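Nothing here was measured: the structure is a model prediction, and the numbers come from that model. Each ligand, and each atom within it, is numbered from 1 in the order the structure gives. The first residue of the sequence shown is numbered 1, and numbering continues consecutively from there.
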Amino acid sequence: MRAVIPPKPGPAGLQVQDLGVSFGRGRKAFDVIDSLSFQVGAGETLGLVGESGSGKSMTAAALMGLLPWGGRISAGSVRLDGTELTQLSAPALRAVRGREIGMIFQNPLSSLNPSLTIAQQIAEPYRLYGGADAQAARTHALDLLREVGVPDAARRLDDYPHQFSGGMRQRVMIAMALVCHPRLLIADEPTTALDVITQAQILRLIRRLQKALGMAVIFITHDLSLVAEHADSVMVLYAGRAVEQGPAEAFFRAPRHPYSQALLHAIPRLAKPEERLSDIDGLPPRPQEFSKGCRFAPRCPAVTPECLNAYPQRQGGAHHFYCMHPVGGSA
Ligand SMILES: Nc1ncnc2c1ncn2[C@@H]1O[C@H](COP(=O)(O)OP(=O)(O)OP(=O)(O)O)[C@@H](O)[C@H]1O
Ligand SMILES: [Mg+2]
C-alpha cells in the first residue's frame with residue numbers, strides 16, 4: 001500500500017493503565033469499566049473477549065474518547081505512542097481520533113452514511129486530517145478500495161453503501177478505518193454479521209494490512225477460537241474487569257480463571273450462539289449490581305465464602321489472573 005502520510009516518530013503502541021469508566025453522578029454513579037490495564041505494541045494484536053455486556057465496546061469507546069452521553073473516564077491513563085489521550089482538549093482528541101485511531105464497527109451499514117458515495121466517505125477524512133486536495137484524496141480512496149479487495153474499484157467508487165453486499169461494506173469500513181494510516185486499529189466484532197468464508201477473508205485482510213502498516217490492533221470478539229487464531233495476547237473481561245490476561249500462547253496452554261475455562265469449553269457450541277456458555281448458569285451482573293467481591297462468584301463452580309468479601313488479588317506475571325481458586329491451583 002502507498003504510505004501517503006509519512007510515518008510518525010515516537011514510542012510505538014498503546015498503553016492503558018487502571019482505566020475506569022463511570023456513568024452518572026453522586027450516589028447514582030456506577031462503574032462499567034474498572035481498573036483495566038493492558039498494552040498493545042505496534043504490529044501486535046490484543047484479543048478482547050467477554051460475554052455480551054462485559055464492557056468490550058465501552059473500553060473501545062473510552063479509548064476513542066467517544067463514550068455515550070453521561071459516561072466519563074473516571075480513572076487511569078491511555079497513552080498512544082507516548083501521548084496521553086485522557087488529557088487532550090476535545091479538538092486535539094478529535095484530530096487524534098481522525099488520524100491515529102481507526103475503528104471498524106460491528107454493523108457496517110449503520111456506520112456508513114447512506115447518503116454519501118463510497119468515494120466521499122473515504123476521501124473526506126483524508127482531506128480533513130491527511131491534508132490532501134480533492135483529487136489526491138480520490139486517488140487515495142481508489143487505492144484503498146483496491147487494497148481491501150473491492151472488485152472493479154474505479155467504477156464502484158461512486159456507488160452508495162446500499163449497492164454493496166455485507167462483506168463488501170465491511171471492506172469499505174476497513175478502507176475508511178485505514179484512510180489516515182492509523183497507529184491503532186480497533187475492530188469491534190468486525191465479522192459477526194458475515195458468513196464464515198467472508199469472515200476468514202476479512203480477518204486475513206486485517207492481518208495483512210496490520211503487518212504492512214505496523215498497526216497495533218484491538219480485536220474485540222466473543223469468540224475465543226478467533227482469538228486463538230489471530231491474537232498475540234488475550235484479555236478476558238467479565239462484568240467490566242479483566243479476570244485473566246497475558247500472551248495468547250500461555251493463556252490457551254493453561255487458562256487459570258474458571259470463567260476463561262468456561263468460555264473455552266463453550267467454543268465447540270459457538271456454531272449456535274444462543275447455546276454459548278450454557279454450561280455456566282445465570283447471567284453476568286449489571287453494573288449497578290457489582291459487588292465488592294469476585295463478580296463471577298455467583299456463577300462459579302469453585303466459589304467459597306471468601307470470594308464474596310474482596311476482589312481477588314492479582315496472581316501471576318505476564319500471564320495473570322484474579323481468582324482465589326484458579327484452575328490448576330494457586331501459584
Ligand atoms: N449509554 C449507557 N449508559 C449506561 N450504561 C451503559 C450504556 N451503554 C452501555 N452500558 C452498559 O455498559 C456495560 C458494557 O456494555 P458494552 O456495550 O461495552 O458491552 P459489550 O461487551 O460490548 O457487549 P456486546 O458483546 O453485547 O457488544 C453494559 O452493562 C451496558 O449495560
Ligand atoms: Mg459491544
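Ligand 1 places these atoms under 4.0 Å from at least one heavy atom of P68: 1 (N). Residue contact check: P287 has heavy atoms under 4.0 Å from atoms 29 (O) of ligand 1. Near S57, with a cut-off below 4.0 Å to any heavy atom, the atoms of ligand 1 are 17 (O), 18 (O), 20 (P), 22 (O), 27 (O). Close approach of ligand 1 to S54 (heavy-atom distance below 4.0 Å) involves ligand atoms 19 (O), 21 (O). Those atoms of ligand 1 that come under 4.0 Å of a heavy atom in E51, given as number and element, are 21 (O). For ligand 1 and V32, the ligand atoms under 4.0 Å from any heavy atom of the residue are 12 (O). The M58 neighbourhood of ligand 1 comprises atoms 6 (C), 7 (C), 8 (N), 9 (C), 10 (N), 12 (O), 18 (O), with distances under 4.0 Å to a heavy atom of that residue.
H320 places a side-chain N or O within donor-acceptor distance of the main-chain N or O of G317, the cut-off being under 3.5 Å.
Residue-to-ligand polar distances keep W69 apart from ligand 1: every N/O pair is separated by 3.5 Å or more. The N/O atoms of T59, backbone and side chain alike, include none that comes under 3.5 Å of an N/O atom in ligand 1. Between F30 and ligand 1, no N or O atom pair is found at a separation short of 3.5 Å.
For the pair R169 and F164, the cation-pi criterion (under 6.0 Å, within 45° of the ring axis) is not fulfilled.
Other residues, nucleotides and ligands contribute over 12 non-hydrogen atoms within 6.0 Å of the NZ atom of K211. Shown here is E289, whose CD atom has more than 12 heavy atoms of other residues, nucleotides or ligands within 6.0 Å.
Ligand 1 lies less than 4.0 angstrom from a heavy atom belonging to G53.
Evaluated for a side-chain contact (heavy atoms from CB on, under 4.5 Å) with I218, the options L184, T45, V16 yield exactly one hit, L184. Test K56, E189, E51 against H222 for side-chain hydrogen bond (donor to acceptor under 3.5 Å, both in side chains) and you get one pass: E189. When the options V49, L36, I220 are evaluated for a side-chain contact (heavy atoms from CB on, under 4.5 Å) with L237, the one that passes is L36.
The side-chain heavy atoms of V303 and F296, taken from C-beta on, include no pair separated by under 4.5 Å.
Among the atoms of M58, no N, O or S atom falls under 2.8 Å of the Mg ion (ligand 2).
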